[in-house]
Each structure stands twice: as structure tokens, then as C-alpha cells.
Amino acid sequence: MGQPRSLIRLLLGIVTDPAAFAATNFDFVVVGAYTTAPKDFADALQGGGTAGLAVAARLAEKSTWSIGVIEVGQYRPNDPLIDVPKNFGSTLGNANYDWVYLTTPQANANNRVIPQNRGRVLGGSSAINFEIFNRPAAIEYSAWSVLNLGFGQGWTWNGLLPYFKKAETYTPPLPEDQFPDPTPTRRRRDEEVAGTDIPTDFLASAIDALNATALDVNALLAAAGVADTLNAGNSTAVTKRSFLNARDDAVHGSSGPVKASHNTWYSDVASPYIHAVQNLGISINNSPDSGDNVGIYNSPRAVDSTSQTRSYAASAYYAPNASKSNFIVLTGAQATKIQFSSTKNRDGTYTATGVSYTYGGTVYTVKAAKEIILSGGVFNTPQLLELSGVGDSGLLSSFGIQTLINLPGVGENLVDHAMTPCSFIIKDGYHTWDELRLNSTFAAAAAAQYASSKTGILTSTISVLSFVPLQSFLSTSKFINILASLTGELLSGASSFSLLQWAQYVLQLGWLYNTDVPQVEFVFVPGFQPTPNSLTPAANTSYITITPVLQHAFSRGSVHITTTDPLVKPAVNPNYLASSFDRSVLVESVKFVRKIASTAPFSNLIKTFNDPPTSVTSDDDIANYVRNSLQSLKHPVGTAAMAPRQLNGVVDTSLLVYGTKNLRVVDASVFPMHVSAHSQSTTYAIAEKAADVIKSIWN
Ligand SMILES: Cc1cc2nc3c(=O)[nH]c(=O)nc-3n(C[C@H](O)[C@H](O)[C@H](O)COP(=O)(O)OP(=O)(O)OC[C@H]3O[C@@H](n4cnc5c(N)ncnc54)[C@H](O)[C@@H]3O)c2cc1C
């Protein structure tokens, strides 16, 4: 049951309108003076972030349901730091927008603590991210389905595609705004590299390990796109990508809330870069969102092509629904605990009854008649589960928390996209983002141009991306060596694996042999980015930065509470570079970046290898550079994985937390495995799908 409409309207006016609040002439402002909390929403969501606002807005389409959202951050409409596309990155480290997480010291990255930014603002991380809006290879979602024993209820490419489309309105590039070199190329180096066998000793161990589960190793390999490996003793990629010459509109949405478009401004260093990459055997992909993402391409970004502003969860899902009386957003409140029924239901589950949250030092509890949905993101969702008695019983009891539901998978399975930026100083005369820093007249003109016509350099974002399998840049012998080290290491460390890890590693090994599944992304930035030996740019100097990003790390980390105080952030330990595979692939990727910079026509504009400097040559030196330069691309996922409970999963395929009747997780925590794409479009698709699942349950 919802609450009386009159009360909802009152709260709408008081609680969800910080701009009107700020415009009122108070004599005194007392932070946390509210004594009335919203009560008895039919659904209460924690976290007005990327997924939280998306699922809330879709549920609010049912006018008989009332939806309350608790968000610790503020609503910041018309904020140029969020809205102006080129301002991406400017809010990082600013506590008005960012949780400013740091990892624990990373043993394999020279004990460095590494920044992990997360949006702390209405819209969550979609408000502070880099706006890239792309998709992975279709087959990667088959892994999500097979891990869930085929009960994935559409957690496949075909099952998710309608939700990718539902979330977006896609505007293709105009002919005059095309990628600098749209000509498709046919040559793909990875297709010239002979296939090698998947190490069968690892697969034999995996069969033993997964024996007690319903998971079949051959089915896992088939889902990874390699067939008959065990039977025939060789690996055969069962899918082969086709070369499409144009963007296929059948894969894009035309009426969804998130606006996706393409750059209209490109640096003049992009074209020589693209040619050099092509000359190294990586082909142009003109249809990267079709489920075939291998190649170099012009990525869409979440920018409204009309207003040339960021399109994010608050502008896409909240703003158009702000006047709905059944969609209430409480900003500035931090959820601290999920409240459960004191006794179990007959089926052994607990019913989630409400959410406690703190606002200005006072704790309130809001009730939910139907469901509670956790959308606090990949770090805060497991924290709140643990604080509420849902997690590993040993860990919970060490903090004196009574275990309601023993779920050892909570906070485990953390996987991220780790990256190592490499920078180069370029010759004079090229137009890059550095011009905004080097030339104040140019910067002022660019600001005026953006203000008057919403055109020019300030509308631009990162868009030149390459996604490649290892075979694109490794020799066959190097590939075999890396695989041999990996499988040896997996076999010796196997005793500590969860069943989920066993299954994931079979899938990931399969993907290594399927050249349709990218393993590394190379991000091209026409400008300066900080690197370990070059934290600030030199005067009168222009740079380009090329960043390899590991797509399918074998390292696994965790997020756990360190105290019962909900205002203390949990410990984030991605365990970067723990796997020799992750280290070796990044070392080889840095070498490949240098190869691109040494390849014409791009090499013609390079003045100096800046970082790593030319003195760094040996594999050991490059490995040290990797340890020193390692950063996060800010795509952590997986800490409340959608997987069978027996496999250490936290939620089922309807995103229901095991052991509960009505507590769901809807955010990037539920990714059971990572994908070769930036994570927001998948997160929106998850939220869109979750809303349909919930609607079907309560209809
Ligand atoms: C700097 C950065 C750059 C990125 N770049 C890209 C990119 O270019 N492209 C891309 O696809 N992806 C990118 N990502 C990743 C992508 O944005 C995230 O994967 C996605 O937005 C995660 O959505 P979510 O719903 O899981 O969490 P979030 O969007 O982070 O939402 C969680 C929300 O819950 C709120 N919250 C948390 N705990 C509580 C609590 N206890 N009480 C109340 N509220 C709470 C938070 O304040 C936040 O608003 C980037 C991320 C970052 C941080």
C-alpha cells in the first residue's frame, strides 16, 4: 500500500527539491532538521544511481505503486561540471560528487593505494563517468546464462538486446561527422594466427571440481564459443565475425531515456593513429554495437546530440519524471541497514520490511510493503548487505553482527578493468585537448562557442577505441607461454577457488581461444593524462595518451566491512595483478602501444616516448612500469554476483537475494563476469530488465 497522496506531495516539495530549498530565504539553516521521513512506500530503493534511478523510473510507470529513492548525494541539474561533455573527469576527487574510495595497498602494484571513484550524486556514477556508451561481444553474455544453468531467463545477448535498446535513443553520426577514417579494412591479424589447444590438465581438474554441481565443462566451453575441445583435443571458435560496413540500426534504440550520440569534433591526431592501428592488422569496425566489437571503432557516448550535454541517470530517468507524485527521491540521506522480519517465512526466507537511513545525524526507518531494491553500487551494496546480517557468517560474527542469511559470496568476486596509461609527446602544430590548457585565447573561444552554439571542442569525449583478442598482438609462442604460466598457476592455486571461480576460469580460458572475444582495449586520448613519471604536463608541450585496459582479469578481489559503523567505507581490495596472466598481458600491451607509436603515419607526429620513457626497455622494467602506473578504468563489478547459491552467488536470475522474499540487488554488483565494454550500458540494461521482472511478479 502506498501512503496518502497529500503526504507524498508534501514530501515531494520538501525532500526532493534542493534547488528550491537553496533559493528560500532562511534565517537559519539546520542541516538535518527534518523530522518527518517518508513511510510505507510500496517499493523503497537505496541508491539514486545509474541503475537505481532507471529501475525506479520504470516502476513509477505504474501509477498505483509509490516509489521512494534514498540517495546520499544531491541532485545537481544544470551543473557544467557534469553536463559539459569535455568536463568528464573534473569531478573526480570532489566529495560533492564522488565517494573518493581508495583501494587497500595493492601488493602486486608496489603497495600503492589506487583511487576508485564512485558517483555520490543523484545519477550516481553515470554523473561522473567518462560518457563512453558501448557494448561487448554478444557471446560474453552466454557466460552469464550458462553460469546460471540456463535458467538465465534471458540473460543472454538476445535477452538483453531489447533492454539495451529500451534504455537508449541513438543518434548515428552525420556524414560530415564521421570517424576520421570510416573505410572498413579486411585484414585481421588474429585470423592469421594458428589456433592452439586449451590446456587439458586444467580442464580435467575443472571437471573434478565442478563434479558436484550441475555445471558441465563442455557446456561452459561451448558457451565461450569453443567447441569439441575435450573430445577432439583442439579448439575451434564456433562463431566468426562478419564485417559490416554500416551501423546496423536494428541494434539501436530510438525512444529510450539515455541519449547516445557521436563526437562532432575530432583531433587531427586521430586519423594518423587509426591508420597506424590498421597497418598493424586491426580492422575498422563500423558496427561495434551489434555484438561484434572486435576492431578499432568510433564509440557512441552518452551525450544528448541536441543539447550537447551529458545524458545520465538523473537527466534521463529522474528529470522527466520529477513531477510524478509516486516517485519520491530523498537526497542527502545515507541508508545504514535493511530491516527484516524477525522470524522466517515458511519457506525459510526473510521478508525485508524497511530501510534505516541517517539524515543529519538522526536515524529514520522507511517501510516498504512490496520490495526493497539495493542499487548502492558495487562497493556500497555489499557493505549494506553485511551491515544487515547478510554475508559470510564468519566475517559477520567477527564484528558481532548476527547472521540472518549466510551468503559467503557477498563482497567477493570483485573484478575490474585495470589499465596502464602510456604517454607520448607530439610535435607542434596539432590540435588536441591540450590546446585548452596551452592557449587561454583558444580556451575562451571554445567556451564561448559552446555557450552560443553547443559546438566545438567542448562537445568532444573519448571515442577512438580498439578492442582486440590477444592474437592481434601476441606471437603464437608468446600466447602459448602466457597460457602455460596461467594454467600452471591456476592448478597450483586451485584449492582456494570458489566453485564460481572454477566455472569462470573455464569460460575465460575458452574466450582466450575465441578471437571474437576481446581481451584488451586500447583507449586513445588526444591529450595529456597523468602517468607515474609525468604527473603534470610540461609547459608548452602537447601529448597523446594510449591506455591498454585488461578486459578479463584472472585476479579476483573483494569488498568487505571493517567496522559496524555504516559511515566508514568498506575495504576495497581488487587484488590487481595477482594473476601472472594479468601482469603479462599488460606488459605485452604496453609494448604494443609503443609499436603503434612507432608505426606510420602516426609515428610521424611523435616527438618523444614520454612515459614509460625510452630507458624502460626490458620486460622487467616494463613490468615495473605496469606496477607503478596501474589504475582503474573505474569499472568494478561482481560483488553480489548473479549465480547459483551453490556457486557462491548472491542473487538469483530475478536478482532476488538468496534467503529473502523481497530484497533485490539491481546495479553493477550483479555482473557474474566482466564484459569487454565500459559498464554503464550493461548496467542500464540490467535495470531495465529488472523493472520488467519486478512488474511481472507483482502484476
Ligand atoms: C570515473 C568513472 C568513469 C567511468 N567511465 C565510464 C564510461 O566512460 N563508460 C561506462 O560505460 N562506464 C563508465 N564508468 C562505470 C559506470 O559509470 C558504472 O559501472 C555504473 O554507473 C555503475 O552503476 P551502479 O548503478 O552500479 O552504481 P552507481 O551509479 O555508482 O550508483 C550508486 C548510487 O548509490 C548511492 N549510494 C550508495 N550507498 C548509499 C547509501 N548507503 N545510501 C544512500 N545512497 C547510497 C551512491 O551515492 C550512488 O548514487 C565509470 C565510472 C566512474 C566512477
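Counting convention: from 1, in listed order, for ligands and their atoms alike.
The residue among G73, A314, G119, S299 with a heavy atom at the shortest distance from atom 46 (C) of ligand 1 is G119. Residue V72 holds the heavy atom nearest to atom 44 (N) of ligand 1 of all those in L122, V72, I462.
Note: an N/O pair closer than 3.5 Å links A335 and ligand 1 by distance alone. By the 3.5 Å distance cut-off applied to N or O atoms, R120 is not counted among the residues near ligand 1. The shortest N or O to N or O distance between F133 and ligand 1 is not below 3.5 Å. Between R118 and ligand 1, no N or O atom pair is found at a separation short of 3.5 Å. Taking only nitrogen or oxygen atoms, main chain and side chain alike, N380 reaches within less than 3.5 Å of ligand 1. Not one N or O of S681 is nearer than 3.5 Å to an N or O of ligand 1, by distance alone.
Remark: aromatic rings of F164 and Y684 are distant, center separation not under 6.0 Å. Ring to ring, F399 and H560 are not that close: their centroids are 6.0 angstrom or more apart.
Each of the following atoms of ligand 1 lies closer than 4.0 Å to a heavy atom of G49: 29 (O), 31 (O), 33 (C), 49 (O). For ligand 1 and A51, the ligand atoms under 4.0 Å from any heavy atom of the residue are 25 (O). Of all the atoms in ligand 1, the ones that sit under 4.0 Å from a non-hydrogen atom of S375 are 31 (O), 32 (C), 33 (C), 34 (O).
Not a single heavy atom of A687 sits closer than 4.0 Å to an atom of ligand 1. Assignment of V378 to the shell around ligand 1 is not supported, since no heavy atom sits closer than 4.0 Å. Using 4.0 Å as the threshold, V121 has a heavy atom nearer than that to some atom of ligand 1. Distances shorter than 4.0 angstrom occur between a heavy atom of W99 and an atom of ligand 1. The shortest heavy-atom distance from I128 to ligand 1 is under 4.0 Å.
The shortest non-hydrogen separation linking Q383 to I561 is CG-CG2, 3.7 Å.
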